[in-house]
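Ligands are counted one by one from 1 in listed order, and the atoms in each one are counted from 1 as well. Computed from a predicted model, the values in this text were never measured in an experiment.
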Amino acid sequence: MMHIIYEPERQRMAIQKSGRLHKASMDFLSARGLIFPANDRTLILPCENFDIDLLYLRDDDIPEYVRSGVADFGIVGENVLAEKGADLPIIAKMDFGRCKLVIAAPKDSRIRTPEDLGGKRIATSYPKLLSEYLAREGIEASIVPISGSTEITPELDLADAICDLVQTGSTLKAHDLVPLFTVMESQAVLIESPLKKQAKERFLSQINLKSKL
Ligand code: ATP
Ligand code: ZN
């Protein structure tokens, strides 16, 4: 005789491996009652008391993992979701990771209004969000794609302005940059993949969260 043992499917949640959202994401899950072994070197971390594993990823990769259904959930900044063009269901807005994507220019620059950006070079890690902003404002400027540390590009004369995330503004200040225009406000959000709804609903209700769909 064959015995069919019902093994509830394990869920996967993608969170940032290290960086600004890592600790707050872990704290959020702990506060919901999830217990994980102490190990920050692994890529997959099994939860000890719920049927879910954590995937530790670069934040930039989280939307793709969730979109494809490889991860059922993810915690990521709205800025990254929007830059990747990922239109995924948001279950909850987290109360952390708040920041703004701004255009900033050197203190002594003559840039005062968005129109002054016409013909200028703007360095950013957010080319899609910046180009949408420029299109909205009807401005033609050249976008200099950079993967990190955009704040040094004006002093090195790679760019006339930057479009970067700020929270307190201290990084900008340290480089004599002044925030001028806001492209987007952001915070971390809990997203879910559009696939395998049933198993997800069950997990969310176990941790007292409800899917918005
Ligand atoms: P990864 O190695 O995962 O790619 P990263 O360097 O791209 O990391 P972090 O700097 O750790 O990313 O930022 C992660 C997220 O934290 C950002 O996408 C944003 O949503 C949020 N954030 C909050 N405040 C800031 C800030 N001052 N600067 C940058 N990101 C911030
Ligand atoms: Zn990143």
Side-chain angles (χ1 to χ4, degrees), residues 12-31 36 39-45 53-68 70-71 73-106 122-133 143-155 158-159 161-193:
R12 292 194 188 123
M13 170 146 349
I15 71 163
Q16 195 186 20
K17 180 175 169 62
S18 59
R20 291 172 198 267
L21 301 182
H22 175 78
K23 186 172 182 303
S25 301
M26 292 303 289
D27 290 349
F28 167 78
L29 296 173
S30 303
F36 296 96
N39 184 347
D40 51 14
R41 291 182 185 276
T42 176
L43 290 176
I44 303 185
L45 194 65
D53 297 328
L54 291 187
L55 298 184
Y56 280 171
L57 303 171
R58 293 278 314 263
D59 66 346
D60 317 72
D61 294 334
I62 293 175
E64 179 57 24
Y65 273 80
V66 175
R67 190 201 58 73
S68 65
V70 170
F73 304 98
I75 298 177
V76 71
E78 288 174 302
N79 53 304
V80 172
L81 271 187
E83 178 65 24
K84 300 286 174 193
D87 187 16
L88 293 166
I90 291 174
I91 298 168
K93 298 201 171 205
M94 307 280 94
D95 236 348
F96 56 82
R98 274 177 216 285
C99 55
K100 276 186 196 180
L101 184 64
V102 302
I103 295 176
I122 311 171
T124 191
S125 315
Y126 293 89
K128 177 177 189 293
L129 293 176
L130 176 57
S131 73
E132 287 168 1
Y133 171 85
I143 296 176
V144 183
I146 286 287
S147 67
S149 303
T150 50
E151 65 277 3
I152 60 162
T153 58
E155 49 197 282
L158 184 65
I162 68 169
C163 172
D164 204 356
L165 296 171
V166 295
Q167 198 167 43
T168 60
S170 57
T171 307
L172 292 185
K173 225 177 194 160
H175 292 268
D176 278 330
L177 296 166
V178 184
L180 297 169
F181 322 114
T182 298
V183 172
M184 179 182 186
E185 304 212 359
S186 179
Q187 65 183 303
V189 289
L190 174 61
I191 52 173
E192 66 176 329
S193 88

If we number the atoms of ligand 1 from 1 as shown, the ones under 4.0 Å from a heavy atom of Gln167 are 23 (C), 24 (N), 27 (N)
Give me the nearest non-hydrogen protein atom to atom 20 (O) of ligand 1 as residue plus atom name, then the distance to 0.1 Å. Asn79 OD1, 2.6 Å
Looking only at distance, does Ser186 have an N or O less than 3.5 Å from an N or O of ligand 1? no
What N/O/S atom of Asp59 gets nearest to the Zn ion (ligand 2)? OD1
Hey, is atom 11 (O) of ligand 1 touched by any protein heavy atom at less than 4.0 Å? yes
CD of Gln16 to NE2 of His22: how many Å apart, nearest 0.5 Å? 8.5 Å
Does any non-hydrogen side-chain atom of Met26 lie less than 4.5 Å from one of Leu54? yes
Say whether, by atom type as modelled, one donor and one acceptor occur between the side chain of Gln167 and the main chain of Cys99 under 3.5 angstrom. no
Just give me the atom name: the N, O or S atom of Asp60 closest to the Zn ion (ligand 2). OD1
Measure up the Phe181 and Tyr133 rings against each other and bin them: parallel (under 30°), tilted (30 to 60°), perpendicular (over 60°). parallel
I'd like to know if the side chain of Ser125 reaches the main chain of Ile146, judged simply by a donor and an acceptor atom lying under 3.5 Å from each other, with no hydrogens or angles considered. yes
Which is it for Phe96 and Ser25 under the side chain to side chain contact (heavy atoms under 4.5 Å, CB included) test, yes or no, and what are the steps along the way? CA-CA 9 Å; Phe96 56 82; Ser25 301; 4.0 Å; yes
Pairwise distance CG(Leu55) to CG(Asp61) - rounded to 0.5 angstrom: 11.0 Å
Relative to ligand 1, is Asp59 under 4.0 angstrom through side chain, backbone, both or neither, heavy atoms considered? both
Could you tell me the residue and atom name of the protein heavy atom closest to atom 2 (O) of ligand 1, and the distance to it rounded to 0.1 Å? Arg58 NE, 3.1 Å
CD1 of Ile103 to CD1 of Ile122: how many Å apart, nearest 0.5 Å? 5.0 Å
For Val80, the atoms of ligand 1 under 4.0 Å from one of its heavy atoms are 18 (O)
Which of the numbered atoms in ligand 1 are below 4.0 angstrom from a heavy atom of Leu21? 15 (C), 16 (O)
If you have a sec, work out which protein heavy atom is nearest atom 9 (P) of ligand 1 and how many Å separate them, to one decimal? Gln16 NE2, 3.8 Å
Evaluating non-hydrogen atoms only, which member of Gly77, Cys99, Ala188 is closest to atom 23 (C) of ligand 1? Cys99
I'd like to check which ligand 1 atoms, numbered from 1 as shown, lie under 4.0 Å from a non-hydrogen atom of Gly19. 11 (O)
Between Arg12 and Val70, is there a donor-acceptor pair closer than 3.5 Å when you use the side chain of the first and the backbone of the second? yes
Heavy-atom distance to atom 26 (C) of ligand 1: which of Arg98, Arg20, Lys17, Glu83 wins? Arg20
